[in-house]
2 protein chains.
Amino acid sequence: MAITIADIAREAGVSISTVSRVMNNTKPVSPELRERVYEIIEKNHFKPNALAQGLITKKTNIVGVVIPDISNPVFGALTKGINSVCTKKGYTIMVCESGGEQEQEMKLLDVLEDKQTDGVLFAGVDINQVLVDAMLKKQYPVVLVTQESAVEENVIDTVTHDNVRAVYDATKFLLDNGHERIAYLGGPKHDFSSGKKRLKGYRMALEEAGITVPDSYIEQGEFSFQSGYEGMKRLYEENSILPTAVVAGSDLIAIGGIQFLNSVGVSVPDEISIIGFDDLDFATCLRPELSTVRIPYFAEGEKAAKELIKFMTGSKEKAATHYVPHKIIRRGTTRAKSK
Amino acid sequence: MAITIADIAREAGVSISTVSRVMNNTKPVSPELRERVYEIIEKNHFKPNALAQGLITKKTNIVGVVIPDISNPVFGALTKGINSVCTKKGYTIMVCESGGEQEQEMKLLDVLEDKQTDGVLFAGVDINQVLVDAMLKKQYPVVLVTQESAVEENVIDTVTHDNVRAVYDATKFLLDNGHERIAYLGGPKHDFSSGKKRLKGYRMALEEAGITVPDSYIEQGEFSFQSGYEGMKRLYEENSILPTAVVAGSDLIAIGGIQFLNSVGVSVPDEISIIGFDDLDFATCLRPELSTVRIPYFAEGEKAAKELIKFMTGSKEKAATHYVPHKIIRRGTTRAKSK
DNA sequence: TTGTAGGCGTTATCAA
DNA sequence: TTGATAACGCCTACAA
């Protein structure tokens, strides 16, 4: 049986309240008693039961983190950033994997409420009205990370990157380098921010340049190596006139695509330029190194956690959307098109 | 203010105990009352406060997971496996990052005790006597994952892979393929399982083959791309007679090493064969694809979680060490040496 | 089958 | 400055 505050009180010959006071510095205690109590506490390695504390203070110092996939490096970096500031501020994170499925997401929102989580950082895939409503009903504040909600903005605080703009910039980068036949190899259609928004950015840039894209230049699938490989294969087989450049929805997709091109003897970047998205650590392990759009996921996680803490400590009330800056990283898989 | 069991009881016109009973199915309740109570619960979306429950039942359904680095793909896979079985069994995981530093590890062990965690899965770097003693003193059971303790065996239950044997096998594989000048590019010296043990496996295999290794054939550093690059560079610069094969302590190291060799025009595998360790998803994204030793981290996580659950549910008492099987994966970066 | 009441380990309120 | 004592929300003997 673990030692309790009562044991300490008895041994020190003081009341329970006094022990509580020296632990929390909540009210003055005479130096003499304070010293005595401290000693007994140290001696017994006494640690208050966080459950009992939480029951009464309504604070657990636990932050829930909901992500689609624990082993995805993007979420790894994000979670690391989140954990970094949480730890610094005395919070411990509870990581939950949703698989990107709404049913599971809803369930996790409940579980985290049961556990009396002080707040939740939520990285979803398609944050619709149902999900938003559920979040709003919870006792804890939630801030969305990496993905904005698909419904009305600024109802729930959000920390993300500008997906539309980022892919727009990537596409523009290719355009500025003389490319005109630019294809798109993207993620899931139902993925709001990372799927739809990125595609939108691609379309915007081309439209602005007055270029019409044939449907066969747009492939969507999963955010995976395999999917990139297959998407590129379809692109290759279904187009008699190949693009000179490809915008990928993620680095993994880009790498898969490059792999396919290699397999059929198409040179990257000599014949086709390709730019990824995310800037995984791995991007520089390839030869040529992968050109990409860098998203600072670690920093995004940090910022989101800081934002959430503001809400949890009551120093902030109003939801807003915060963007973390992206950056085009020019490396070896893209080159200017010689006219 | 959240709704409590008392509110439900009042609204249903029954006692608190009855509500508790219908929720936990702990004692018979008449169908009539059961129905009535259920309705009120549903209607109010009532969820019992896990803190209050835990305070009395001494069970939180929380499992602590301590890992050195959240964004390391190896730990990502491990954590995913852990979470997979935990979720299935009704546990939620609390992920803590130690940075591989003992001070932080000790602290986390305390934090997890405060939170009344039911059990802890611990992935350390150098699990020495101090750490083991601390674990033994905790109220919760802990099982070590991925890394055995550096002290007496079978004091704490362990689920891992056989590091010595795995690298021994990798080295043997090279030996069997006709290589004789085999170098080693490993991880940190202070890393017990992944550093020391792997090196040991390498040494064993060569010794057994009656081959003496010059010190200059052994390089140790971090488990990173960068470190692999630099280690290979030293190997290259400090040896007038180059090895014909290299055993790497991790895939990242291997990839870094290959990158260096490419940069100086040494062909892999034509001039030098190289075999990695881990089998990251990324291994097949390279060209040539990386030969490596596959460690089933996801399965390891699953197994460790299952093991821990046995301890938490009291269906097991005695600590043991369990090994998950590794496998040599022959791909493109190794080839037989022509005599 | 149902209800009453005590207790889990803290914090917080109120007297002293 | 210190100490009782009532919460916090729930489970669980023990009674009825």
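Chain naming here is simple, since letters A, B, ... match the order of the sequence lines and numbering starts at 1 in each.
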Distance, rounded to the nearest Å, where Ile56(B) contributes CD1 and dA5(C) contributes P: 16 Å
d(CG, Leu51(B); P, dC8(D)) in whole Å: 14 Å
Residue pair Gln53(A) / Asp114(B), side-chain heavy-atom distance below 4.5 Å: no
Sugar-phosphate, base or nothing in reach of Lys59(A), heavy atoms under 4.0 Å: nothing
Sugar-phosphate only, base, or nothing, as touched by Leu33(A) at under 4.0 Å among non-hydrogen atoms: sugar-phosphate
Contacts under 3.5 angstrom, residues 29-38 of chain B side chains, donor-acceptor by atom type, not counting sequence neighbours:
from	atom 1	to	atom 2	distance (Å)
Ser30(B)	OG	Leu33(B)	N	3.4
Arg34(B)	NH1	Asn25(B)	OD1	3.4
Arg36(B)	NH1	Ala12(B)	O	2.4

Spacing between Leu55(B) atom CG and dT12(D) atom P, to the nearest angstrom: 13 Å
Between C1' of dT11(C) and CD1 of Ile5(A), the distance in whole Å: 8 Å
Taking every non-hydrogen atom, the tightest pair across Glu97(B) and Pro68(B): CG-O, 3.3 Å
Within residues 24-32 of chain A: residues closer than 4.0 Å to DNA chain C (heavy atoms): Asn24(A), Lys27(A)
Any Ser20(B) side-chain N or O less than 4.0 Å from OP1/OP2 of dC11(D): yes
With Leu112(B), the side-chain contact (heavy atoms from CB on, under 4.5 Å) member among Ile62(B), Val63(B), Thr117(B): Thr117(B)
Nucleic acid contacts - residues 10-18 of chain B versus DNA chain D, non-hydrogen atoms under 4.0 Å: Ser17(B)
Of Arg21(B) and Ala52(B), the one whose closest DNA chain D nucleotide lies more 5': Ala52(B)
Gln53(B) vs dC11(D): side-chain N/O to OP1/OP2 distance below 4.0 Å: yes
